[in-house]
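The structure appears below as structure tokens.
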Amino acid sequence: VSERWEQVAQTQLTKPEESADVAIIGAGPAGLTAAARLHKLAPGSKVIVIEREGQAGGIPRHAFHQGYGLRDLHTSLPGPAYARRLVESAVAADADLRLRTQVTGWSDDGALEMTSPAGVSHLYARAVILASGCRERPRSARMVSGSRPAGVMTTGTLQQLVYLHGKTPGTRAVVVGAEHVAFSAVSTLAHGGATTVAITTELPRHQSYAAFRWGAAARYTTISGAVPKPLALLTRTAVIEIHGGERVSAVTVLDLNSGASRVIECDTVVFTGDWIPDHELAVSAGLGLDAGTRGPRVDGALRTARAGLFAAGNVLHGAETGDVAALSGRHVAGAVADFLGGERWPRSLVPIECAPPLHWVVPNAVEARLAASAQASDDRPAAPPRDRYLLRAHEELIDVRIAISQDGRALGSARLARVMPGRSAALDTTWATAVDPGGGPVVIRVTRARRR
Amino acid sequence: MSAAAFDVAVVGAGDVGAAIARELSRFELRVVLIDKGDVGAGTSKANTAILHSGFDCKPGTLEARLVARGHDLLLGYAAEVGIPVEETGALMVAWNEAELARIEEIQASAFACGYKDARPIGIDELYRREPALAAGALGALEIPDEFIVCPWTPPLAYATQAVLAGCTLLRGVEVVGLAGAGAGEATGWRVALSDGSELTAGWMVNAAGLYSDVVHRLVGRDGFAVTPRRGELIVFDKLARPLVNHILLPIPTGKTKGVLIAPTVFGNVMLGPTADDLNDKTATGSTVDGLARLRTLGLRLMPRLLEHEVTAVYAGLRAATEHPDYVLEVDGEARYVCAGGIRSTGLTSGMAIAEWVRDGLADAGLALLEREEALPEITMPNIGEAIPRPYMRPEVVALDPMYGEVVCFCERVTRGEIRDALAGVIPPADAGGLRRRTRALAGRCQGFFCGARVAELLEDGLTPLVVDSRSDALGEGSVS
């Protein structure tokens, strides 16, 4: 090996350059759907989709539960079938799909720096769509103390182990988190032969409407044939310590109401949900992150503060379902086509901020046009995907009254049946036309609500 | 069955033991290096990764001398074999008048240790050089020769070179018994190993780190006890790296050097370590309380750092003893060398300790005949950020496309590097071993994307640490 390294030390290769109209980073639901749509909206444009995995499709590749495709394809598919469908559409739309290719950064003159087995190269694109998705925070990012044994993983790792690599995850699992994905983890664990002994959430309730369905699925799909006990959903409960030498032996959980702690024996701990956008390329592009979403700031057309750089799908926020990401990709394709057709980039973005207990809103900016126009109907800010702003809260509230203001001036109000963590509420767009493009941040706040 | 015979047995393949084995491999000696786990997988793997200048050692101690010497040795060696080092320098920051008043005294103490380049800097310069530091600092002492270094590569480099020079490396076996092996020519030791086998060695070198007191007692001695001192560390996301330019040290208290903020050669920022004396040498877990203390302190030192994601949390145990200095001794009569009680400075001083042991052995009568051949030249895989890594180098990828196939996306570890590690002179035995050799799985996603794939590659190419038949492994230059 070292001889080979000596040999290469003698040579200097330049990085080959290529160009495209559109580069899409990430071949998950958002990126693939954008690619397919661009074929229709900007025919003849050269679109390259860059995917670092060996297979396109994103997270649905290894999420085997049903329910994918409801909103975009109007059908319900298991993840892998959905992923295949999206890949086929993109390929049929002449997208140039580059697998095992990672964008590692930006060159000084704005090219994408890429590495693949084919080489290290630079790609110059007129428009770039960041569609790199999100990931679950691992145990370390959640600062759960204790030893560092094997058997601790995220749902992402679990699904790949079980579905892509045919491995057995363990026998007794504790699942941390109670968003939708937690119940998917339970189902995956069951498929892999493991029993889930508890699901924990620090919140007072789970955040999935599918809870019982997944719970039921888990109960009947345990391969071992053993009859599992009904799932224990431990609310207001935090996993505070992991025990074990080589392998996990137990976790300590803390009851946040009573302050009492106890030990649950298990050999597997799955950290689910608590998503964070894979935002590295947004940061290295010089974009600041929204404190709530931890993703880049975009306007309704999914344009960032950097000219030519768009962002779509779950890189904008914690995970929405695959179909919602796909529709975000479809939406951004329209904006990209307009941009290729000569539409000007916003001069700047007016941020939209959330006051606690609201957590985040997306889109989280309104474009600042050259001047507030009298012809509001012609000069409306770009509408967001699905014509709605997605809103999340730190805690579950019902009968919620929302006020939207800018520099102390009321822009509008709304009534929402519910806001919560883990699942988005939809806020309409009527207020957006009243935003002063030269003004300060727009602030969304709760004026009245009830705790559930 | 006749036991394999060695001239020197080194117990412990950490920074100290591996460096000693390497140093002794220059000579016509049969050397065996024994570790109960992997190379550098004990206390060496979890430290603050600082290449110390020795400015804050206790003047007059052996530690002060060996750290200063080790700094230069390791710096030179790092350049030679490719150990990542960044010459960041350190700033020791004073936060109140009492601390500010101590800067002069610390500078004088550094001077007494032979370190003359420390100099006080004012508030303006401090904040110009570290703009993200919390407000309220009153000044600092600059120590230009405190550097950051890769904590994982040094012991692997030492052991690799030793093995290539003919040293036998036994991994996954523990020394369970030691007995004198007779008199005259046969003087030395019979070493019983945990796998039931035995070997003989003319000399015993104890470099067993946390367990150096245990080995010391096996030898039949008393005199020191290792009290593990746990240090918990938080490693922040690479996106935090631009916040920190130097190693930021606190003014030390009597007991510890305190909690620091430092960049790492992998491009992260670390905050730690805590210092808690324990009884349990296996207590390498982090604690609710320790992490809370670090967060509180971190918020006071650099609030913006705490806004970043945490990539890893770990705890290391320092091999602290009741003695303020290293426990270094050579007993010519018993043919025993103790290199114990070496705390976090062992990373820096390892090569200097090895020289000291070499000289001590020579003085005690061990014949050191230099081999005709110099130590084989090696190049360690670069896992640091300061020089280009394989994925960035078009000429490397062009030569072998596997260096263009990124497997661990967060740390940009390629399939080529994983393959090389698995086929290396001292291959990893588990995921942790692979991480220390390549950085695979050390990043922000902790396996969300690549965990299953890395596990598969590891499984396909893994060599178990303990081989079934050790007979083969006892030949020259072999590894088990």
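Below, chains carry the letters A, B, ... as their sequence lines are ordered, and counting in each starts from 1.
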Partner chain A: residue of B:Ala398, B:Cys445, B:Ala431 with the largest heavy-atom pair count (under 4.5 Å)
B:Cys445
Top residue by heavy-atom pair count (under 4.5 Å) with chain B, among A:Arg148, A:Gln160, A:His165?
A:His165
Would you indicate whether B:Asp280, at its atom CG, is surrounded by more than 12 heavy atoms from other residues, nucleotides or ligands within a distance under 6.0 Å?
yes
Atom group of B:Phe449 that falls short of 4.5 Å from chain A, counting heavy atoms
both
Do you know which of A:Ile240, A:Val283, A:Thr154, A:Thr104 has the most heavy-atom pairs under 4.5 Å to chain B?
A:Thr104
Parallel, tilted or perpendicular: which one describes the rings of A:His191 and A:Tyr163, with boundaries at 30° and 60°?
tilted
Checking side chain to side chain contact (heavy atoms under 4.5 Å, CB included) for the pair A:Glu179/A:Trp275: CA distance, chi angles, key distance, verdict?
CA-CA 10 Å; A:Glu179 297 179 36; A:Trp275 302 91; 3.2 Å; yes
Only pairs of heavy atoms separated by less than 4.5 Å count here; which of A:Met153, A:Glu241, A:Lys167, A:His243 has the most with chain B?
A:Lys167
Could you check which of A:Leu161, A:Val162, A:Thr115 has the highest count of heavy-atom pairs closer than 4.5 Å to chain B?
A:Thr115
Quick one: what part of A:Glu53 sits under 4.5 Å from any heavy atom of chain B, side chain, backbone, both or neither?
both
Do A:Arg135 and B:Phe409 meet the cation-pi criteria used here (NZ or CZ under 6.0 Å from the six-membered ring centre, within 45° of the axis)?
no
Does any donor atom in the side chain of B:Thr284 or B:Arg230 lie under 3.5 Å from an acceptor atom in the other side chain?
no
At a 4.5 Å cut-off on heavy atoms, which part of A:Gln102 comes close to chain B: side chain, backbone, both, or neither?
side chain
Rounded to the nearest 0.5 Å, how far does CG of B:Leu458 lie from CG of B:Leu434?
5.5 Å
May I ask you to decide whether B:Lys238 forms a salt bridge with B:Glu411, counting only side-chain N to carboxylate O separations under 4.0 Å?
yes
Which bit of A:Ile59 is near chain B, if near means a heavy-atom gap under 4.5 Å: side chain, backbone, both or neither?
side chain
Spacing of CE belonging to A:Met143 relative to CD1 belonging to B:Ile234, to within rounding of 0.5 Å:
3.5 Å
Chain B heavy atoms under 4.5 Å from A:Arg142: which part of the residue, side chain, backbone, both or neither?
neither
Who among B:Glu232, B:Arg444, B:Met380, B:Glu405 has the most heavy-atom pairs with chain A under 4.5 Å?
B:Arg444
For chain A, the option from B:Gly285, B:Ala315, B:Pro394 that forms the most heavy-atom pairs under 4.5 Å
B:Pro394
So, B:Asp38 and B:Arg436, do they make that salt bridge, N to O below 4.0 Å?
yes
Where on B:Arg295 is there a heavy atom nearer than 4.5 Å to chain A: the side chain, the backbone, both, or neither?
side chain
Heavy-atom proximity to chain A below 4.5 Å, by part of B:Met392:
backbone
Side chain / backbone / both / neither for A:His62 at chain B, heavy atoms under 4.5 Å
neither
If one checks every heavy atom of A:Ile276 against chain B at 4.5 Å, the contacting part turns out to be side chain
So, A:Asp290 side chain and A:Gly295 main chain: donor-acceptor pair closer than 3.5 Å or not?
no
